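These notes concern the structure reproduced below.
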Protein chains: 2
Amino acid sequence: MTKTNEKSLLQPEDLACFSLYSAANAMVRAYRPVLDTLDLTYPQYLAMLVLWNGDALNVKTLGERLHMDSGTTTPLLKRMEAKGLILRERCKQDERSCIVRLTQSGNALKQQAFQIPEAMGEKIAISQEEGATLKYLCDKLHDGLVAHSD
Amino acid sequence: MTKTNEKSLLQPEDLACFSLYSAANAMVRAYRPVLDTLDLTYPQYLAMLVLWNGDALNVKTLGERLHMDSGTTTPLLKRMEAKGLILRERCKQDERSCIVRLTQSGNALKQQAFQIPEAMGEKIAISQEEGATLKYLCDKLHDGLVAHSD
DNA sequence: TTCATATATATTGTTCACAATTAACTTGCA
DNA sequence: TGCAAGTTAATTGTGAACAATATATATGAA
């Protein structure tokens, strides 16, 4: 009950931002049991998708692909290195730069990853078309916020 | 470049889940400088919106409103108590239950909060109608995932 | 009453996001 | 050559999300 004689603020349930926040958390939560079979977290899975695509990348480029800064990527990649999925080595030409490449076992894990999209598809209750709309709007919101932050 | 003779996986940029994840992170990041003026984080702001609405609530109910479990709410509320925004006290009728209520200074902060929606509105590059669609799709995805998790 | 079960919250430890800072290196210019 | 300015990544510390577990209380059945 809102007190009378007071201006009121919208409640979380009325805000698109809260819906976005809750949906993203729920999505990561839903990925968890599926990714547990590969011993990967959701951000680790995103990094592996990029690496499985074939190229070795430096930390900077990988962070840009994943929309993460180095304060997030560095500890993330160290945990992945500790699991034996990747190697990190300094670039010969520029010692500041750190090159990330898959180990054999990291590369081998790709075969198990084909089951992930299928398993997740079963959990997602929106249509392909709705998913495309959701993606379009999230990208537009994201790009607008990033552009505004300069 | 994808290697030939190998099945390929979609890249993060092609996945709606990654867009959702990135947009939610960007949204929290955009709220940060605005909420810094109230010394609140985004989840703390969500909790304050519920409390500013008037009622004292127990931790369970507040967690349900914010789609959070006790492993998230308890430390969140302790930080808010340490800042002097709220009080937490056991319910007389049921000692298991913990009642959360605003302090005077927590309640007074409401006056400054009216500027938040205005400040955020300027940063958001999607229309009201697109925002409503985004909210609808996020809620549908969220509710479907929650229903599926039982 | 007594015991089993369910509920509400707290605790512990891991992972991620990010700001702020630091260190190492590159580049450009004098 | 030598130094200033910019870049890249690592480091440190805080907040949040969550699983697993623990604790205390309430409730219902025998």
Side-chain angles (χ1 to χ4, degrees), chain A residues 18 21-33 35-36 39-47 57-64 66-83 85 88-100 142 145-146 149, chain B residues 18 21-33 35-36 38-48 57-64 66-83 85 88-100 142 145-146 149:
Chain A
F18 173 66
Y21 184 73
S22 295
N25 285 337
M27 182 275 295
V28 172
R29 194 154 51 234
Y31 260 101
R32 193 180 311 273
L35 289 175
D36 277 350
D39 190 29
L40 291 176
T41 64
Y42 185 68
Q44 288 170 9
Y45 173 63
L46 294 176
L57 299 162
N58 62 25
V59 173
K60 167 86 169 170
T61 306
L62 185 59
E64 285 170 354
L66 302 182
H67 303 160
M68 293 173 183
D69 75 0
S70 77
T72 302
T73 51
T74 295
L76 177 72
L77 293 169
K78 280 187 164 189
R79 285 184 288 266
M80 293 170 69
E81 186 177 39
K83 286 198 248 195
L85 295 171
R88 299 183 311 141
E89 48 198 28
R90 292 286 165 183
C91 176
K92 298 286 185 297
Q93 287 73 40
D94 183 348
E95 289 277 341
R96 296 170 307 176
S97 181
C98 182
I99 307 294
V100 180
H142 175 271
L145 291 172
V146 168
S149 68
Chain B
F18 174 66
Y21 184 73
S22 296
N25 284 336
M27 182 275 294
V28 171
R29 193 153 52 236
Y31 260 101
R32 193 181 311 273
L35 289 174
D36 277 350
L38 310 200
D39 191 28
L40 291 176
T41 64
Y42 184 68
Q44 289 170 9
Y45 172 63
L46 294 176
M48 292 300 283
L57 299 162
N58 62 22
V59 172
K60 168 85 167 170
T61 306
L62 184 58
E64 285 171 354
L66 302 182
H67 303 160
M68 293 173 184
D69 76 0
S70 78
T72 303
T73 51
T74 294
L76 178 70
L77 294 169
K78 281 188 163 189
R79 285 184 288 267
M80 293 171 69
E81 186 176 39
K83 287 198 247 196
L85 295 171
R88 297 182 311 141
E89 48 198 27
R90 290 287 164 183
C91 175
K92 298 286 186 295
Q93 287 74 39
D94 184 347
E95 288 278 341
R96 295 172 307 175
S97 181
C98 182
I99 307 294
V100 180
H142 175 270
L145 290 172
V146 169
S149 69

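Here the structure is a predicted model, which is why all the values come from computation and not from measurement.
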Nucleotide C/dT15, atom C1' - distance to CG of B/N25 in whole Å: 13 Å

Quick one: B/L35 CG to D/dG15 P, roughly how many Å, whole number? 15 Å

Establish, with yes or no, whether the OP1 or OP2 oxygen of D/dA10 is under 4.0 angstrom from a side-chain nitrogen or oxygen of A/R88. yes

Strictly by modelled atom types, are B/S22 and A/H142 linked by a side-chain donor-acceptor pair under 3.5 Å? no

Is there a side-chain contact between A/R29 and the phosphate of C/dC16, meaning an N or O under 4.0 Å from OP1 or OP2? no

Distance in angstrom units between A/Y31 OH and D/dA19 P, rounded: 17 Å

Any donor-acceptor N/O pair, B/N58 side chain to B/T61 backbone, under 3.5 Å: yes

Would you say the side chain of B/T72 lies within less than 4.5 Å of the side chain of B/D69, judging by non-hydrogen atoms? yes

Listed nucleotide nearest any side-chain atom of B/T74, set D/dA9, C/dT15, C/dA10: C/dA10

Taken to the nearest whole Å, CG/A/D69 to P/C/dT21 is 15 Å

Between atom OH of B/Y45 and atom CZ of A/F18, what is the distance when rounded to the nearest 0.5 Å? 12.5 Å

Are B/D94 and B/S97 close enough that a side-chain donor and a side-chain acceptor fall under 3.5 Å? no

Distance test, side-chain N/O of B/S97 to OP1/OP2 of C/dT7, below 4.0 Å: no

Quick check for you: among D/dA9, C/dC16, D/dA19, whose closest atom lies nearest to any side-chain atom of A/C98? D/dA9

B/N58 CG to C/dA10 C1': how many Å, rounded? 15 Å

Which listed nucleotide (C/dT15, C/dT11, D/dA10) is nearest to the side chain of A/Q44? C/dT15

Per-nucleotide protein contact string for nucleotides 23-28 of chain C, where B marks a base within reach and S marks sugar-phosphate only (heavy atoms under 4.0 Å, - for neither): -BBS--

Relative to the 5' end of DNA chain D, which residue comes earlier, B/L76 or A/R90, by the nucleotide with the nearest heavy atom? A/R90

How long is the line joining CG of B/L66 and P of D/dC18, in whole Å? 12 Å

Quick check: any donor-acceptor pair below 3.5 Å linking the side-chain of B/S70 to the base of C/dA10? yes

Between C/dT9 (P) and B/L57 (CG): distance, integer Å: 11 Å

A side-chain contact here means heavy atoms from C-beta on lying under 4.5 Å apart; do A/K60 and A/C98 qualify? no

Starting at CG of A/L77 and ending at P of D/dA10, how long is that distance when rounded to a whole Å? 8 Å

Has A/K78 got a side-chain N or O lying under 4.0 Å from the OP1 or OP2 atom of D/dT11? yes

For B/Q44 and B/L40, work out which heavy atoms get closest and say how close. OE1-CA, 3.6 Å

